[in-house]
> 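Would you mind keeping the following structure in view while I ask a few things?
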Number of protein chains: 2
Amino acid sequence: MSYANDMPTVEAVSRTDAGLAAELRTSVMRLRRRLSVERHPDNQLSIGSMVVPGLLHRNDAQTVGELARAEKVQPPSMTRTVTSPEDGGFVTRRPHETDGRRVVVEITDWGARRCWPTASAGTRGSPCS
Amino acid sequence: MSYANDMPTVEAVSRTDAGLAAELRTSVMRLRRRLSVERHPDNQLSIGSMVVPGLLHRNDAQTVGELARAEKVQPPSMTRTVTSPEDGGFVTRRPHETDGRRVVVEITDWGARRCWPTASAGTRGSPCS
DNA sequence: CGGAATAGTTAGCACGACTAATGAGTTACG
DNA sequence: CGTAACTCATTAGTCGTGCTAACTATTCCG
């Protein structure tokens, strides 16, 4: 009873469009489940919330709309996604300098240290690892 | 304003463990969101429910526990996941021949035709594509 | 000034996952 | 045998993540 016998390969079962689509769906869903669980025990941020510091690491000080477009979600989704790292003190909301409609999200010093520690310090326990 | 300028690469930003983990999370979550939306309009099964006919296509007549282990989810999750394709007539539940605790899930003829049409017929509108 | 457009939020829903607890059936052992 | 321990599936309740619809506040423009 080998792994190969238990686990039909794509060649064996899924040469149709529907079969390949099913393989892809199953694989991606499993990977996402795994990623949402495989995080450091100290980590208080969920997989969705961890995305926000990641986006701000690339470009700090982005509006909610920019974050939503970057992550390809609707604005209300990003509004809620930002709430948890904000409550945790990782990021802050502040009004835009010139446009009163916009809200700028920035990473805090503390959040940056927690999420992106220096290489020498390692990333053990980082909320983003 | 090119794609390359807007989209920092892994090389540019994410050489740390935390950075690579963030890249992976973001990519997988986006792909899953996309897959859950990208299905044929005729398709009445959600992404989670589509997994069940796929598993039964490999091995028909599996118990709820076997499906849960194959998909690496907890049994209660699979119990609920099976409900929707069962209500849609794609699969059936029946008691196990010898073990009264077990429940066997099988794909119906109709479900098999709908999910895995012959190659010549194509898979347009298949609940599994 | 006043209407249209834009940005963000709130509220409510769907879906997929989990844990804890329950019921029903099987197995093992004294 | 008969009961205690175990296994399997389900129910109930919760959380996280996405959506749409509707609302508020602000800005833009004619």
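Because the structure is a prediction, the values reported are computed rather than measured. Every heavy atom of this structure was used, including side-chain atoms; hydrogens, water molecules and symmetry mates were not.
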> By the 4.0 Å heavy-atom rule, please label A/Ser77 as base, sugar-phosphate, or nothing.
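The residue A/Ser77 makes base contact.
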> Which nucleotide in the list D/dG18, D/dT11, C/dT9 gets nearest to the side chain of B/Pro76?
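Of the options given, the side chain of B/Pro76 lies nearest D/dT11.
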> What does B/Thr83 touch in the nucleic acid at a heavy-atom separation under 4.0 angstrom: a base, only the sugar-phosphate, or nothing?
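Nothing: the residue B/Thr83, judged by heavy atoms under 4.0 Å, touches no strand.
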> Contact class for A/Arg93 vs. all strands (heavy atom < 4.0 Å): base, sugar-phosphate, or nothing?
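The residue A/Arg93 makes sugar-phosphate contact but no base contact.
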> Give a yes/no answer on whether the side chain of A/Arg101 brings an N or O atom under 4.0 Å of OP1 or OP2 in D/dT27.
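No, outside the criterion.
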> May I ask you to say what B/Arg32 touches in the nucleic acid, namely base, sugar-phosphate or nothing, with a heavy-atom cut-off under 4.0 Å?
sugar-phosphate
> Could you tell me how the ring of A/Trp116 sits relative to the ring of A/His57: parallel (under 30°), tilted (30 to 60°) or perpendicular (over 60°)?
parallel
> Checking all strands, does B/Arg80 fall into the base, sugar-phosphate, or nothing category for heavy-atom contacts under 4.0 angstrom?
base
> Picking from D/dA9, C/dG16, C/dC18, which would you name as closest to the side chain of B/Val73?
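Within the option list, the nearest is C/dC18.
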> Measure from the side-chain heavy atoms of A/Ser49 and tell me the nearest of D/dT17, C/dT19, D/dA9.
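Output: D/dT17.
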> Touch check for B/Ser84, heavy atoms < 4.0 angstrom, all strands: base, sugar-phosphate only, or nothing?
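No contact.
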> So if I take every side-chain heavy atom of B/Met29 and compare against D/dT10, D/dG18, C/dA7, which nucleotide ends up nearest?
D/dG18
> Taking the side chain as C-beta and beyond, is there a heavy-atom pair between B/Val51 and B/Glu71 under 4.5 Å?
yes
> Starting at the 5' end of DNA chain D, which residue's closest nucleotide do you reach first, A/Glu71 or A/Gly100?
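Nearest nucleotide further toward 5': that of A/Glu71.
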> For B/Thr79, which contact category applies under a 4.0 Å heavy-atom criterion: base, sugar-phosphate, or nothing?
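The residue B/Thr79 makes base contact.
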> Using a 4.0 Å heavy-atom cut-off, does A/Thr63 contact any base of the nucleic acid, only the sugar-phosphate backbone, or nothing at all?
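A/Thr63: backbone/sugar contact only, no base atoms under 4.0 Å.
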> Taking any heavy-atom pair under 4.0 Å as a contact, classify A/Met78: base, sugar-phosphate, or nothing.
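Result for A/Met78 = nothing.
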> Report yes if a side-chain nitrogen or oxygen of B/Thr81 is closer than 4.0 Å to either non-bridging phosphate oxygen (OP1 or OP2) of C/dG16; otherwise report no.
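For C/dG16, OP1/OP2 do not have a side-chain N/O of B/Thr81 under 4.0 Å.
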